[in-house]
Amino acid sequence: MYRTITCGELTKKNIDETVTLSGWVQIARNLGGMTFIDLRDRYGITQLAFNLDWDKALCEEARKIGREWVIQIEGAVIERESKNPEMITGDIEVKVSKLTILNQSITPPFPINTDTDVNEELRMKYRYLDLRNNTLRQKLELRHRISIAIRSYLNNLNFIEVETPVLIKSTPEGARDFVIPSRINQGQFYALPQSPQIFKQLLMVGGFDKYFQIVKCFRDEDLRADRQPEFTQIDCEMSFVEQQDVLQTFEGMIRNIFKYTLNVDFPNFPKMTYADAMKYYGNDKPDTRFDMKFVELKNPLSDTSTLYKSSLQPFSVFEQAESVIGICATGAAHYTRKQLDELTEFVKQPKLGASGLVYFRYAEDGTIKSSVDKFFSEADLKNWSQAFNSKPGDLILILAGPKEKTQKALSELRLEMGSKLGLRKKNVFAPLWIVDFPLLEWNEGDTNLLASLAGRWHSKHHPFTSPLMSDVQLLKSNPAEVRANAYDMVINGVEVGGGSIRIHDKILQNQIFETLGFTKEETQNQFGFLLNAFEYGAPPHGGIAFGFDRLCSLIGGVDSIRDFIAFPKNNMGRDMMMDSPSNISEEQLNELKIKLSN
RNA sequence: GGUUUGGUAGCUCAGCUGGUUAGAGCGCCGCCCUGUCACGGCGGAGGUCGCGGGUUCGAAUCCCGUCCAGACCGCCA
């Protein structure tokens with residue numbers, strides 16, 4: 001037997017027991033007459049003691065052992081002469097009577113379980129060593145606990161987990177597909193699923209009224225800290241449900257996960273419309289850990305306000321702007337000129353592209369000082385400060401320009417200010433639902449999108465998303481105004497999940513395809529099997545999918561999802577450890593009848 | 001495809017405006033050390049300064065190109 005107990009559990013109450021332990025050598029401390037070895041496994045560290053006086057040969061044997069060797073020992077648990085209160089096992093040590101070297105190790109390229117930062121590239125290349133680190137192990141353990149919480153919650157509600165195929169058919173909607181050549185069907189390709197969307201709807205037709213799956217999905221798009229080409233979704237679908245049923249069920253699931261992993265309780269999740277999210281946060285996934293809502297001084301649509309008007313001399317920047325909006329940074333009036341210049345640089349960076357930043361300080365003494373004193377009187381500024389509901393000590397930041405661009409820039413500025421003011425704490429969670437998304441989006445011809453998709457409507461989700469029944473009559477007259485019966489769950493500015501009630505009515509479905517500009521042929525070719533299935537009595541249904549990796553990283557308080565994936569890919573979609581993707585042999589190419597062009 | 005930061009010893013990094021033999025801490029190797037737990041002491045080895053070209057009497061340092069990595073934009077639910 002390799003072990004009778006693990007390295008993390010021996011305490012005072014085990015004294016005098018004889019135990020067998022196996023594990024890795026974290027470090028050996030050689031003091032001359034005696035040697036201590038910290039033995040590590042998944043569960044913890046136990047100190048092993050060797051002494052020349054106890055057993056000379058054994059002690060000398062122990063001196064030869066290096067870091068990360070795998071050893072097995074047998075010995076008696078004894079009380080330590082000098083204890084270590086920092087360790088769970090710090091009161092005891094094992095007086096080794098038998099030592100077996102199970103395997104040696106060459107010196108690892110980086111230390112395990114020390115505080116030194118190691119380059120991610122190196123950690124990726126030696127992922128199996130990095131996995132020995134506590135931090136990475138704890139993250140994967142958290143992931144496991146979350147998956148247990150999900151399965152148990154859904155199982156209790158009668159959901160069943162069904163596996164769906166991975167080799168499926170390419171459909172042009174959404175992201176790029178990963179494709180797999182077929183050897184038996186020359187010249188044809190499978191696609192890897194971007195999500196099991198169609199299968200879960202077919203399962204509804206098949207009568208599995210509550211389905212879920214924790215499942216790998218694939219998208220051939222560029223990577224980010226929170227985006228991998230293969231990632232895991234918690235994919236769910238239910239029959240005979242309305243939006244409220246889905247929201248309630250999965251709000252419950254998230255509540256359950258947070259209770260189980262972090263012992264955090266949530267009140268009911270607020271619901272916010274997409275329109276409000278854009279109006280108040282400039283963003284469809286607002287971070288609501290802090291307030292700092294947008295205030296409109298000028299709005300192209302509802303322009304009853306004249307707040308942007310100057311009483312001294314016209315301020316052309318505001319006069320000419322489509323939109324003038326600002327935020328109130330509570331308690332930031334003490335910002336220095338230098339700090340404000342930095343904020344100006346922040347909004348001017350190319351990706352945000354604002355042309356400048358207007359600010360005014362509402363000082364503690366009640367005076368108001370702005371960057372546009374030439375144009376606006378004290379009375380103007382007082383009006384503003386009322387509109388912003390600001391108090392002495394606050395800083396108001398205002399952007400002007402084209403509506404969408406300005407919204408986006410102010411949204412980023414809001415998040416930046418939230419971070420600077422310490423309002424985005426990792427251990428505070430603000431979940432909410434965003435509802436009533438637009439159903440359709442107009443594709444401009446000038447984007448670098450597929451030419452075939454330009455100059456027509458496309459669905460913001462997928463083409464089976466139901467419109468709100470109240471908006472159906474707008475499909476012909478004003479497609480842009482049609483809202484979807486769709487919902488996203490957002491926590492701390494992270495979109496953790498999204499879904500919709502699906503269309504189960506053939507007439508409505510055809511109407512949508514028509515609006516999207518699909519011909520009957522295209523529809524039949526791409527989605528025929530689903531539409532055929534719908535001819536045989538599709539129940540009303542809807543569902544949701546959560547980004548499992550993102551949910552884990554959110555709960556773990558980390559921005560990158562990579563450490564919650566045992567073997568992730570790098571920025572370029574490469575696996576640094578096995579060095580994939582890689583070339584394949586001539587024979588393999590020939591079998592597939594594939595020729596590479598240059 | 002774009003923007004940006006970086007690449008110097010096994011690891012983390014310093015090396016300013018060009019100037020003898022490129023440094024530190026950790027790790028590694030050797031010797032010493034009987035209560036350490038970031039053990040300690042003494043000594044030692046270890047470098048194509050990512051790669052290629054250019055400027056210069058002289059390049060880790062300046063310029064051009066290129067490769068690699070990270071973050072972000074485009075893209076992506």
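Labels below follow one simple rule: chain letters A, B, ... track the order of the sequence lines, proteins then strands, and each chain is numbered from 1.
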Using the [atom1] atoms only, state how far [M] lies from [N], rounded to an integer number of Å.
| N | M | atom1 | value |
| --- | --- | --- | --- |
| B/U17 | B/G50 | P | 16 Å |
| B/G52 | B/G15 | C1' | 24 Å |
| B/G46 | B/C68 | C1' | 24 Å |
| B/A22 | B/A14 | C1' | 11 Å |
| B/C33 | B/A60 | C1' | 41 Å |
| B/C16 | B/G23 | C1' | 15 Å |
| B/U61 | B/A45 | P | 27 Å |
| B/G54 | B/C73 | P | 40 Å |

Once you apply the 3.5 Å cut-off to both distances, tell me the Watson-Crick or G-U wobble partner of [N], or none.
| N | answer |
| --- | --- |
| B/C29 | B/G43 |
| B/A71 | B/U3 |
| B/U12 | B/A24 |
| B/U66 | B/G50 |

N-O pairing of A/Arg176 and A/Asp220 below 4.0 Å
no
Just the rounded figure in Å: distance from [atom2] of [N] to [atom1] of [X].
| X | N | atom1 | atom2 | answer |
| --- | --- | --- | --- | --- |
| A/Gln228 | B/A77 | CD | C1' | 16 Å |
| A/Arg574 | B/A69 | CZ | C1' | 13 Å |
| A/Ile106 | B/C11 | CD1 | P | 13 Å |
| A/Leu440 | B/A77 | CG | C1' | 16 Å |
| A/Asn119 | B/G7 | CG | P | 11 Å |
| A/Gln197 | B/A77 | CD | C1' | 11 Å |
| A/Asn30 | B/C29 | CG | P | 12 Å |
| A/Leu352 | B/G2 | CG | P | 20 Å |

Taking [Y]'s backbone N and O only, do any of them form a donor-acceptor pair with [X]'s side chain (distance below 3.5 Å, no angle check)?
| X | Y | value |
| --- | --- | --- |
| A/Thr89 | A/Ile45 | yes |
| A/Arg483 | A/Pro467 | no |
| A/Lys200 | A/Cys236 | yes |

Which ones in [range] lie close to RNA chain B, meaning a heavy atom under 4.0 Å from one of its atoms?
| range | value |
| --- | --- |
| residues 552-568 of chain A | A/Arg562 |
| residues 482-502 of chain A | A/Glu495 |
| residues 41-51 of chain A | A/Gln47, A/Asn51 |

Can a donor-acceptor pair under 3.5 Å be found between the side-chain atoms of [X] and the base atoms of [N]?
| X | N | answer |
| --- | --- | --- |
| A/Arg227 | B/C75 | yes |
| A/Arg219 | B/C76 | no |
| A/Arg224 | B/G70 | no |
| A/Asn570 | B/G70 | no |
| A/Arg80 | B/C37 | yes |
| A/Glu93 | B/G35 | yes |

Can A/Glu93 and A/Lys83 be said to form a salt bridge (Lys or Arg N to Asp or Glu O under 4.0 Å), step by step?
CA-CA 9 Å; A/Glu93 63 195 1; A/Lys83 301 185 172 46; over 6 Å; no
Give a yes-or-no answer on whether the side chains of [X] and [Y] include a donor-acceptor pair shorter than 3.5 Å.
| X | Y | answer |
| --- | --- | --- |
| A/Tyr211 | A/Asp235 | yes |
| A/Gln213 | A/Thr164 | yes |
| A/Gln244 | A/Lys271 | yes |

Please tabulate, one pair per line, all N/O donor-acceptor pairs under 3.5 Å involving side-chain atoms of residues 341-348 of chain A, not counting sequence neighbours.
{"residue": "A/Asp341", "atom": "OD1", "partner": "A/Arg337", "partner atom": "NE", "Å": "3.2"}
{"residue": "A/Thr344", "atom": "OG1", "partner": "A/Leu340", "partner atom": "O", "Å": "2.9"}

Return the set of residues passing salt bridge (charged side-chain N to carboxylate O under 4.0 Å, His left out) with A/Lys139 (not counting sequence neighbours), or none when no residue passes.
A/Asp563
Which residues pass the salt bridge (charged side-chain N to carboxylate O under 4.0 Å, His left out) test with A/Glu404, sequence neighbours left out?
none
For [X], which contact category applies under a 4.0 Å heavy-atom criterion: base, sugar-phosphate, or nothing?
| X | value |
| --- | --- |
| A/Glu86 | nothing |
| A/Lys408 | sugar-phosphate |
| A/Glu121 | sugar-phosphate |
| A/Pro109 | sugar-phosphate |

Toward the 5' end of RNA chain B, by each residue's nearest nucleotide, A/Glu412 or A/Glu120
A/Glu120
Nearest nucleotide by nearest heavy atom, which residue falls closer to the 5' end of RNA chain B, A/Pro108 or A/Gly90?
A/Pro108
Return no unless some side-chain N or O of A/Asn571 is found under 4.0 Å from OP1 or OP2 of B/A71.
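Yes, such a contact exists.
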Taking 4.0 Å as the cut-off, does a side-chain nitrogen or oxygen of A/Arg29 come that near to OP1 or OP2 on B/U36?
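Answer is no, no contact under 4.0 Å.
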As a test of reading the structure: which of [options] is closest to the side chain of [X], going by heavy atoms?
| X | options | answer |
| --- | --- | --- |
| A/Asn84 | B/A77, B/G35, B/C37 | B/C37 |
| A/Phe36 | B/U34, B/C39, B/G35 | B/G35 |
| A/Ser82 | B/A69, B/U34, B/U36 | B/U36 |
| A/Ala225 | B/C37, B/A71, B/U34 | B/A71 |

Is any side-chain heavy atom of A/Pro108 closer than 4.5 Å to one of A/Arg67?
yes
In terms of ring plane angle, is the pair [X] and [Y] parallel, tilted or perpendicular, where the classes change at 30° and 60°?
| X | Y | answer |
| --- | --- | --- |
| A/Phe527 | A/Phe513 | parallel |
| A/Phe546 | A/Phe250 | tilted |
| A/Phe218 | A/Phe178 | perpendicular |

Between A/Arg502, A/His462, A/His541, which is the residue that forms a side chain to side chain donor-acceptor pair (under 3.5 Å) with A/Gln201?
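Exactly one option meets the side chain to side chain donor-acceptor pair (under 3.5 Å) with A/Gln201, and it is A/His541.
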With stacking defined as ring centroids separated by under 5.5 Å and planes differing by under 30°, is A/Phe110 stacked against B/C11?
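Stacking between A/Phe110 and B/C11: absent.
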